[in-house]
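Whatever order the structure lists ligands and atoms in, that order sets their numbers, starting from 1. Positions are given from 1 along the sequence.
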Amino acid sequence: MDLATRPPYGFVDFRALAQQDEAFNTVWQAHQYKLDFQEPYITKAVTKALLKVDFGLHLEVPDDRLCPPIPNRWNYVSWIHALLDSTNPDYSIRYDPERQVVGLDIGTGASAIYTMLCLKSRPNWTMCATDVDKKSFESAARNLTINNLITRAKLLQTIDSQPLIPLQYLGVDVLDFTICNPPFFSDETDMRQSLSGEGKSVKPNAVCTGSANEMVCRGGDLGFVTRMVEESLVLRERVTWYTSMFGKMSSAKAVVTLLKEKGITNWAVGSIDVGGGTKRWIVAWSFTDYRPPNSVARIEKIANEYLPFPTEYRFALPATIDVKAAKQTIDQQARRLHIRWTWDPQSATGVGEAAGNVWSRVYRREYERRKRELAASETEDTEMHDRSKETKVALAFRITMVASNREVVIDWLRGNDQVLWESFCGMVHRSFKKS
Ligand SMILES: C[S@@+](CC[C@H](N)C(=O)[O-])C[C@H]1O[C@@H](n2cnc3c(N)ncnc32)[C@H](O)[C@@H]1O
């Protein structure tokens, strides 16, 4: 399977895994095909086998450090792939193997798991990785070395009083993303209670081998990510996507509330839910105006107020219009507007960039008035400036005619102006009602 586009895990087929990995097969057979994930050596055997079979990676982690569950970690990396691929400045929706991406793994841990998965799956990516814990840091370096990934990684052992995103100390100017599994708990009691399932209807299904210094920090995951938000308000576009995982939905919600308070309007909420495992949440935010699709940015089971504004608008073709005519309508109407527009008849998809609301009556009237004035004037320069020549992009969009279900789909690709986006969708929809 191509790791660059490997999908997230839905479940793990342990029988198939045992057939492909001798060491895991021994454990699988010894336990008569039933795995007790409260046993640290079982979780470690599964982690090692999955990394070896699915990613060609070898892992060594000290017994007293966190051994990462691979489906959970890969699903976060896979979500990052989707986030970056769908917000590529060239508006393509596919993985671009030529694209150079630099990420930062904050608190890489003894496994360096996110760094290893990112580097292994995307050959053109490089990663920075930090940790405050000496033992974890040394183990992370060892894992990257034995997997021949160390030359594409920049490691920094940091201290808690330093920034979480220490661009200066890493010697990098800009980053494409951060990835982070923060210490979830605010103190050891909180950690003990949560890991033993106290007060929860469902107990955690797997043991956590993490030590207190890996799992505990001031304010828990919310405190840690609040620091990231504060730093992001200074660094702004120097990092394209700031992201973090959360152990509690309440923390993810609190961070979205904080982002909104700080005036950040471009964010995404993802979730990780691998067949019966412990559910986790991911929040990403950006100071750029590239908009991820709903499939990345809006998960279903969280109240609407925590979700970003929808970036997809779809409507059914009226019964009186056939698909061929609809494709022509889309292309012709777009050509008439003062926008930059490219249309691919094969996929019936067009991408446009507008410098402002060039479909409004006000704009058209003003344009016609200036044209008349220019024609009447005696100047030799009769070139009219229309807004398609401007480099500013207030709105970028993709329109697709989906023939199979007779639907027009509009995706918001770029822009900060929600009103402009809604106005554009309304204009396209109305043009079909009229024709
Ligand atoms: C929950 S562990 C995650 C480890 C690994 N990324 C994983 O997903 O398995 C959190 C990590 O953050 C590290 N950490 C805590 N405070 C930090 C800080 N201020 N800067 C960088 N790393 C920190 C801890 O030492 C620990 O390794």
Between D331 and R335, is the closest basic N to carboxylate O distance under 4.0 Å? yes
Looking at K120 and D54, is any side-chain nitrogen of the basic one under 4.0 Å from a carboxylate oxygen of the acidic one? no
Return yes if a side-chain donor-acceptor contact under 3.5 Å exists between N304 and R298, otherwise no. yes
Donor-acceptor side-chain pairing of S286 and W267 below 3.5 angstrom: no
Does R218 form a side chain to side chain contact (heavy atoms under 4.5 Å, CB included) with S186? I'd like the steps, not just the answer. CA-CA 5 Å; R218 213 171 350 109; S186 51; over 6 Å; no
Hey, what polar pairs (N/O, under 3.5 Å) does ligand 1 make with protein?
| residue | atom | partner | partner atom | Å |
| --- | --- | --- | --- | --- |
| ligand 1 | 6 (N) | G107 | O | 2.8 |
| ligand 1 | 6 (N) | T108 | O | 3.3 |
| ligand 1 | 8 (O) | R73 | NE | 2.8 |
| ligand 1 | 8 (O) | R73 | NH2 | 3.3 |
| ligand 1 | 8 (O) | N181 | ND2 | 2.9 |
| ligand 1 | 9 (O) | R73 | NE | 3.3 |
| ligand 1 | 9 (O) | R73 | NH2 | 2.9 |
| ligand 1 | 19 (N) | D160 | OD1 | 2.7 |
| ligand 1 | 25 (O) | D131 | OD1 | 2.6 |
| ligand 1 | 27 (O) | D131 | OD1 | 3.4 |
| ligand 1 | 27 (O) | D131 | OD2 | 2.6 |

Please tell me whether F397 and W412 form a close aromatic pair, meaning their ring centres lie under 6.0 Å apart. no
